[in-house]
Structures are given as C-alpha cells and as structure tokens.
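Just so you know, these numbers use all the heavy atoms, side chains as well, and skip hydrogens, waters and symmetry mates. Letters A, B, ... are given to chains in the order of the sequence lines, protein chains preceding strands, and every chain is numbered from 1.
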Amino acid sequence: MLDLKLIREHTDLVREGVRKKGEDPASVDEVLRLDEHRRALIQETEGLKSRKNTVSQTVARMKSKGEDAQAVIDEMRSVADRIKVLDEELKSEEGRLRSVLLAIPNIPHESVPAGKSPADNQVIASWGEPPVIDFPPKPHWELLEKLRIIDFPRGTKVTGAGFPFFVGKGARLERALINFFLDEAAANGYMELIPPLLVNEASAMGTGQLPDKEDQMYSVDRDRLFLIPTAEVPVTNFYRDEILPENLLPVNFCAFTPCFRREAGSYGKDVRGLNRVHQFDKVELVKLVRPEHSYEELETLRRDAEQPLQKLGLYYHVLLMCSADLGFTPAKKYDIEVWSLGQQKWLEVSSVSNFEAFQARRMNIRYRPGGGKPEVVHTLNGSALALPRIMAAVLEQYQTPEGKVIVPKVLHPYTGFEVIG
RNA sequence: GGAGAGGUGGCCGAGUGGUUGAAGGCGCCGGUCUCGAAAACCGGUAUACCGCUUGCGGUAUCCAGGGUUCGAAUCCCUGCCUCUCCGCCA
C-alpha cells in the first residue's frame with residue numbers, strides 16, 4: 001500500500017510509477033477523488049461530534065444541579081442520528097478508498113530499468129561456468145526415478161500431482177540442503193524462526209497474498225486459515241502492528257518451511273519433475289530495516305542468497321527485473337537463476353526484493369527514529385533458497401555417465417554419504 | 001469439546017452511566033540538588049486522522065465488531081485471545 005500523502009503530494013510521480021509497471025494510473029486519480037470526499041465527511045461528522053460532547057457535559061451539569069435538561073436532550077437526539085448516518089457513509093467511503101489504494105502497485109525504484117516484458121530484464125551478474133560433460137546429460141526426473149530418491153507416482157496416489165515423496169538418500173539430501181542453507185544464514189547473522197505453517201487472513205493481507213492472490217493459496221476454510229505459500233508471510237508478519245525500538249533494527253530473520261502453492265493456471269508448462277510442485281521446501285531470508293539503509297541491505301541480501309550457490313558450485317546468473325516484470329509489491333527485485341544442465345535452461349531459485357514501506361505500511365510495522373515520531377520500516381526478503389530446483393540442478397550437474405550422482409563436497413558433513421547410486 | 005474467570009496506557013493497577021485519554025505506582029525523558037552519582041523533589045511522558053500550521057484546536061481509541069443512551073472503560077449481544085478445572089490427545 002502506498003502512502004496516501006505521497007499520492008496527494010506527488011501525484012505525478014506515482015502516476016508515472018504505476019504506468020512503468022504497466023498498470024492503469026486512473027486509480028491514482030480515483031484515490032484523490034475519494035480522499036477529498038472522505039475529508040469533507042470527516043469535517044462534517046467531527047464538527048457534530050464536538051458539539052455532542054460539549055452538550056453532553058452541559059446535560060451532566062444541569063442534572064447535577066437538578067435542572068430539567070429534556071429540551072437539550074431532545075435536540076441532541078437528532079444530532080446523534082445524523083452522526084450515525086454520516087459515520088456509516090464515512091466508513092463505507094474509507095473502505096472504498098482503502099480497496100482502491102490496496103490495488104495500486106508499489107512504484108519502481110529509480111534504478112529499475114523501464115521495460116515492457118520479461119525480455120527487458122537485465123542480466124547483471126553471473127557466477128561460474130556452464131558445466132560441460134562428455135556424455136548426454138539426463139534431466140533430473142530421469143535421475144531421481146532411476147535412483148529412487150524421489151517418488152512422484154506414490155505422492156500422486158497419496159495426495160495428488162505435485163506432492164512428491166522424498167525417499168532414502170533423496171530425503172537425506174533434501175534435509176542436508178535445508179541445514180546447509182540455514183547454517184549459512186545463521187553465519188551471516190540471521191536469527192532463525194520456525195513459524196506457523198498456517199496463517200490468518202490479516203497476515204495474508206499484510207504481505208499481499210490477499211485480496212488478489214487468494215486462489216494461489218490452499219485454504220482451511222473451516223478455520224479461515226491459509227497454508228503458507230512462503231515463509232515470508234508468517235515471518236514478515238512477526239512484528240505486525242508493533243512499534244519497534246530503534247536498536248532492534250536491522251532485523252534479520254531466516255526460516256525454513258515447506259511452502260504450499262496451488263499454482264492454478266500454470267498446468268502444462270515447465271511442470272515436469274521438480275520444476276513446479278505444489279509443496280516444496282524453502283529457506284527464506286527476511287529483513288526489516290531503516291528506510292535509509294534498505295538499498296544497501298538489498299545488496300547484502302542478494303549476496304547472502306548467492307553465497308550458498310557458489311559453495312555448491314552451481315552455475316547461475318542474476319537478473320535485474322525490469323519495471324514490467326517486477327510484480328505488484330516490490331520496488332526493486334533480483335531473480336537468481338541456476339543453470340539446469342539436463343534441461344538446458346535457467347531455473348529461478350531465488351527472488352530478492354526490496355518492498356520499501358509498501359508491505360510495512362499495510363502491516364503497520366514502525367520504529368521510532370531518534371525516539372521521535374514512529375515511522376514505517378522497510379521490508380525485504382529473498383529465498384535462500386528454493387529447494388526443488390536446487391535439487392534438480394545439483395542432480396543434473398553432478399551426474400555421472402552411469403547415472404549416479406556425486407554429492408557436492410560442502411554437503412558431505414550433512415549427508416553422511418558422497419555418492420547416490 | 002464441556003464448565004468457569006478475565007482482557008484498562010511501555011509495565012503493574014484503580015475505576016460499574018456524566019469534564020475519565022483515563023487515579024495511583026513503576027519505568028522512561030528533562031530539571032533542581034550534588035564535585036559526580038544515588039536518594040529526594042518538580043515537570044513531562046500514547047497513537048491515528050482532520051483543520052488552521054514554529055505551535056494550537058478538534059475527533060477517535062480502555063481486546064475487536066455491533067447495540068442501548070442526550071452521554072459508555074462502565075450496561076447488552078457477537079467474535080477473538082488468556083487463565084483454571086474436566087474430557088480428548090502427539
């Protein structure tokens with residue numbers, strides 16, 4: 001959610017930002033119109049309330065003196081009715097304003113390149129070399145089936161498509177990756193959280209899954225809860241509706257969770273094997289920072305997400321997302337993509353974003369700069385990392401001609417074995 | 001799941017229809033005193049919105065949402081949460 005004052009005072013800037021994201025800036029003007037009406041209502045209703053309060057005190061004084069206050073009371077009855085009507089109108093007007101405001105995307109940071117499609121994203125960094133092997137590489141779904149380390153058919157039987165079982169060394173490798181990523185994060189100063197996997201509506205609203213993206217989440221209707229699509233949701237909401245002491249910042253959290261995504265509407269494309277599943281493991285990094293530091297923190301976060309990839313020896317590159325491919329909430333975003341040798345294509349394994357105050361304003365997370373007036377913090381997050389595609393890349397890159405897989409060295413202490421197969 | 005108790009400011013805690021944004025205490029900030037500190041004393045100490053704008057005025061907020069009333073922290077209804085007992089359970 002954007003700052004209403006920003007929209008009021010820098011309307012053109014906001015319009016331009018919305019346009020860059022490829023959305024219609026008409027809603028910006030709608031906000032201004034609704035806000036003006038809202039303020040007129042506030043002035044009218046508060047004037048009446050002020051009078052009501054004064055008169056109520058007069059009534060109290062008259063009664064204590066034993067005077068008859070009936071005439072005044074009769075008069076106030078109609079004022080009270082009028083207040084009620086106005087309050088209802090104000091409330092619905094504020095609801096309308098809020099919903100329009102919630103539908104306006106965050107505006108891109110000045111360093112974000114303008115663009116019209118994903119083709120305008122810029123590759124700004126890469127690490128490693130394209131792996132070369134002297135035999136035809138198998139895609140990971142062939143490897144994992146032959147090695148019997150991930151079982152899709154039985155997952156489908158037990159739950160449905162996209163809910164695989166990890167089996168034996170597959171399970172162990174998954175757990176090794178989780179622990180490796182968590183240990184890396186801890187070494188970089190992130191405090192580990194194990195959050196709830198179900199969240200309520202307010203939390204889903206806070207990080208922006210609601211109201212728009214409800215159909216991407218599994219819901220437990222009976223209790224009005226949602227299975228988390230990412231640890232970002234519970235972790236970022238940790239401090240919702242709080243004013244943090246200044247010395248708490250920056251807050252650095254890491255969390256491992258399973259993530260649940262319905263992936264409605266994405267069938268038939270890039271869904272083979274581990275490319276896209278409904279339940280997957282992820283280690284997430286979240287930062288709450290002072291506004292003036294959020295862009296340095298974004299670079300730190302990116303570094304912290306990249307580091308484990310380097311230690312795993314995976315070839316990857318970093319994309320700076322252009323304005324059109326930025327998504328609704330971020331002001332700036334990097335995607336990290338790892339090379340899939342078996343599929344000969346890039347797989348997104350991390351998104352690193354600065355949301356500035358956009359999320360924090362919705363969530364009402366503030367701090368006191370210099371002990372003064374509360375100010376909204378900036379929030380950032382990044383995956384470090386999404387497990388299935390890492391698993392896919394590792395299996396493919398470290399495969400042998402015989403169809404075995406060599407476990408990367410950094411994982412040996414975690415797996416307790418060095419070869420699968 | 002059943003029965004009961006309760007949710008008041010950063011914290012503790014008073015307040016059961018009328019200047020109560022809310023006594024008192026603690027904490028915190030400033031001052032007096034002191035060589036300095038402690039103690040003591042004095043003063044200050046919420047958030048959001050609206051309006052005029054160095055500052056001031058108004059409105060709202062005593063878990064949340066409704067209701068009764070001229071007037072609600074206080075009365076009524078619903079929800080959420082916490083605690084105690086019983087049941088169930090990893």
Side-chain angles (χ1 to χ4, degrees), chain A residues 1-9 31-102 194-206 210 219-226 234 237-249 251 258 357-377:
Chain A
M1 185 167 65
L2 289 174
D3 186 3
L4 187 53
K5 281 201 199 92
L6 180 80
I7 296 178
R8 271 207 301 247
E9 289 160 21
V31 164
L32 290 180
R33 202 181 58 72
L34 287 168
D35 179 49
E36 210 164 308
H37 187 212
R38 177 187 72 105
R39 283 188 287 165
L41 282 171
I42 285 173
Q43 284 179 43
E44 190 177 355
T45 186
E46 289 194 349
L48 290 174
K49 283 178 183 172
S50 177
R51 182 148 158 257
K52 179 195 82 175
N53 289 341
T54 320
V55 172
S56 288
Q57 285 169 20
T58 311
V59 171
R61 239 176 285 127
M62 289 172 82
K63 287 208 167 176
S64 70
K65 286 188 207 153
E67 295 171 18
D68 179 18
Q70 199 51 47
V72 188
I73 288 173
D74 289 344
E75 190 210 334
M76 288 319 288
R77 206 180 313 249
S78 68
V79 173
D81 287 346
R82 176 74 183 142
I83 288 173
K84 203 169 168 184
V85 170
L86 283 173
D87 265 349
E88 264 162 37
E89 197 182 334
L90 178 61
K91 206 174 152 189
S92 75
E93 205 59 5
E94 281 180 334
R96 223 165 297 155
L97 174 62
R98 187 173 162 82
S99 67
V100 176
L101 207 49
L102 282 174
I194 300 182
L197 303 182
L198 289 163
V199 293
N200 58 28
E201 289 174 298
S203 297
M205 188 68 79
L210 292 179
S219 64
V220 183
D221 295 331
R222 192 175 165 158
D223 298 289
R224 290 196 296 163
L225 297 173
F226 298 90
N237 274 280
F238 188 78
Y239 284 124
R240 173 155 51 83
D241 292 323
E242 294 190 37
I243 299 174
L244 309 178
E246 189 175 26
N247 61 15
L248 201 67
L249 301 179
V251 170
F358 195 80
Q359 274 186 337
R361 192 171 296 110
R362 273 181 182 230
M363 265 183 289
N364 199 24
I365 304 178
R366 295 171 293 170
Y367 79 109
R368 284 182 196 281
K373 284 270 161 207
E375 198 175 304
V376 179
V377 301

Checklist outcome for this item: With sugar-phosphate taken as primed atoms, P, OP1 and OP2 and all else as base, the protein-contact string of nucleotides 61-76 of chain B at under 4.0 Å (heavy atoms; B, S, -) is ----SSSS-BS-----
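The separation between A/Leu225 atom CG and B/rC80 atom P is 12 Å, rounded to whole Å. When rounded to the nearest whole Å, the span between CD of A/Glu94 and C1' of B/rA48 equals 11 Å. Remark: C1' of B/rC49 and CG of A/Leu41 are 14 Å apart, rounded to the nearest angstrom. Distance, A/Arg39 CZ to B/rC50 C1': 9 Å, rounded to whole Å. Rounded to an integer number of Å, the gap from CD1 of A/Ile83 to P of B/rU59 is 10 Å. To the nearest angstrom, P of B/rG9 lies 14 Å from CD1 of A/Ile243. Protein atom CG of A/Asp87 is 13 Å distant from nucleotide atom C1' of B/rC50, rounded to whole Å. Here the C1' atom of nucleotide B/rA60 and the CG atom of A/Leu90 are 11 Å apart, to the nearest Å.
Residues in residues 43-81 of chain A take part in no ring pair (Phe, Tyr, Trp, His ring centres under 6.0 Å) pair, two or more places apart or across chains. Listed by first and then second residue, the side chain to side chain donor-acceptor pair (under 3.5 Å) pairs involving residues 61-76 of chain A are A/Arg51-A/Glu75, A/Gln70-A/Asp74, A/Asp74-A/Arg77 (not counting sequence neighbours).
In this view, A/Phe358 and A/Phe328 satisfy the ring-ring contact (aromatic ring centres under 6.0 Å, His included) rule, not counting sequence neighbours. Looking at residues two or more places apart in sequence or on another chain, you find no salt bridge (Lys or Arg N to Asp or Glu O under 4.0 Å) involving A/Asp241. Residues satisfying the side chain to side chain donor-acceptor pair (under 3.5 Å) test with A/Arg38, not counting sequence neighbours, are A/Asp35. With sequence neighbours left out, A/Lys52 forms a side chain to side chain donor-acceptor pair (under 3.5 Å) with no residue at all. A/Arg224 pairs by the salt bridge (Lys or Arg N to Asp or Glu O under 4.0 Å) definition with A/Glu201, not counting sequence neighbours. Residues meeting the salt bridge (Lys or Arg N to Asp or Glu O under 4.0 Å) test with A/Glu375, sequence neighbours left out: none. Residues meeting the salt bridge (Lys or Arg N to Asp or Glu O under 4.0 Å) test with A/Glu89, sequence neighbours left out: none.
Within the shown strands, B/rC70 is the pairing partner of B/rG18 under the Watson-Crick or G-U definition, both distances less than 3.5 Å. Judged by Watson-Crick or G-U wobble contacts below 3.5 Å, the nucleotide B/rU78 has B/rA64 as its partner. A 3.5 Å limit on both hydrogen-bonding distances identifies B/rG31 as the Watson-Crick or G-U partner of B/rC41. Under the Watson-Crick or G-U wobble criterion, with both distances below 3.5 Å, B/rA48 is paired with B/rU59. Figure legend. B/rG1 is base-paired to B/rC86; pairs are counted as Watson-Crick or G-U wobble with both atom distances under 3.5 Å. Base pairing of B/rU53 is not made with any nucleotide, judged by Watson-Crick or G-U wobble geometry with both donor-acceptor distances under 3.5 Å. Figure legend. B/rG10 is base-paired to B/rC26; pairs are counted as Watson-Crick or G-U wobble with both atom distances under 3.5 Å.
Going from atom CD of A/Glu46 over to atom CG of A/Asp87 covers 9.0 Å, rounded to the nearest 0.5 Å. The structure places CG of A/Leu101 at 8.5 Å from CG of A/Asp3, a figure rounded to the nearest 0.5 Å.
A gap of 26 Å separates the C1' atoms of B/rU78 and B/rC70, to the nearest Å. Using atom P as the reference point in both B/rU69 and B/rU45, the two lie 37 Å apart (nearest Å). For the C1' atoms, the distance from B/rG1 to B/rC88 is 8 Å, rounded to whole Å. Taking atom C1' on both B/rG13 and B/rG25, the two are 8 Å apart, rounded to the nearest angstrom. Rounded to whole Å, the P atom of B/rA38 lies 12 Å from the corresponding atom of B/rG27. Annotation: B/rG24 and B/rG31 have their P atoms spaced 24 Å apart (nearest Å). On the P atoms, B/rG57 is 15 Å away from B/rG44, given to the nearest whole Å. For the C1' atoms, the distance linking B/rU74 with B/rC62 amounts to 10 Å, nearest Å.
Contact annotation: A/Asn53 side-chain N/O to B/rA60 OP1/OP2 distance is under 4.0 Å.
Residue-to-nucleotide proximity on RNA chain B shows that, of A/Lys49 and A/Leu4, the 5′-proximal contact is made by A/Leu4. Comparing A/Glu46 and A/Lys373 along RNA chain B, the residue whose closest nucleotide (by nearest heavy atom) sits nearer the 5' end is A/Lys373.
A/Asn53 and A/Ser56 form no side-chain donor-acceptor contact under 3.5 Å, judged by distance and modelled atom types alone.
Between the A/Ser99 side chain and the A/Arg96 main chain, a donor and an acceptor come within less than 3.5 Å of each other.
Contacts between residues 361-369 of chain A and RNA chain B, defined by a heavy-atom separation below 4.0 Å, involve A/Arg366, A/Arg368, listed by number.
If you check every strand for non-hydrogen atoms under 4.0 Å, A/Arg38 touches sugar and phosphate atoms only. Among the heavy atoms of the strands lying under 4.0 Å from A/Arg8 are primed sugar atoms or P, OP1, OP2 only; no base atom is included.
The 12-atom threshold is not exceeded at CZ of A/Arg98, counting heavy atoms of other residues, nucleotides or ligands nearer than 6.0 Å.
Side-chain N/O atoms of A/Gln43 and base N/O atoms of B/rG51 include no donor-acceptor pair closer than 3.5 Å.
Distances from the side chain of A/Ser50 to the nucleotides B/rU47, B/rG58, B/rG18 place B/rG58 closest.
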Find every protein N or O atom lying less than 3.5 Å from an N or O atom of nucleotides 19-22 of chain B, and list the pairs.
none

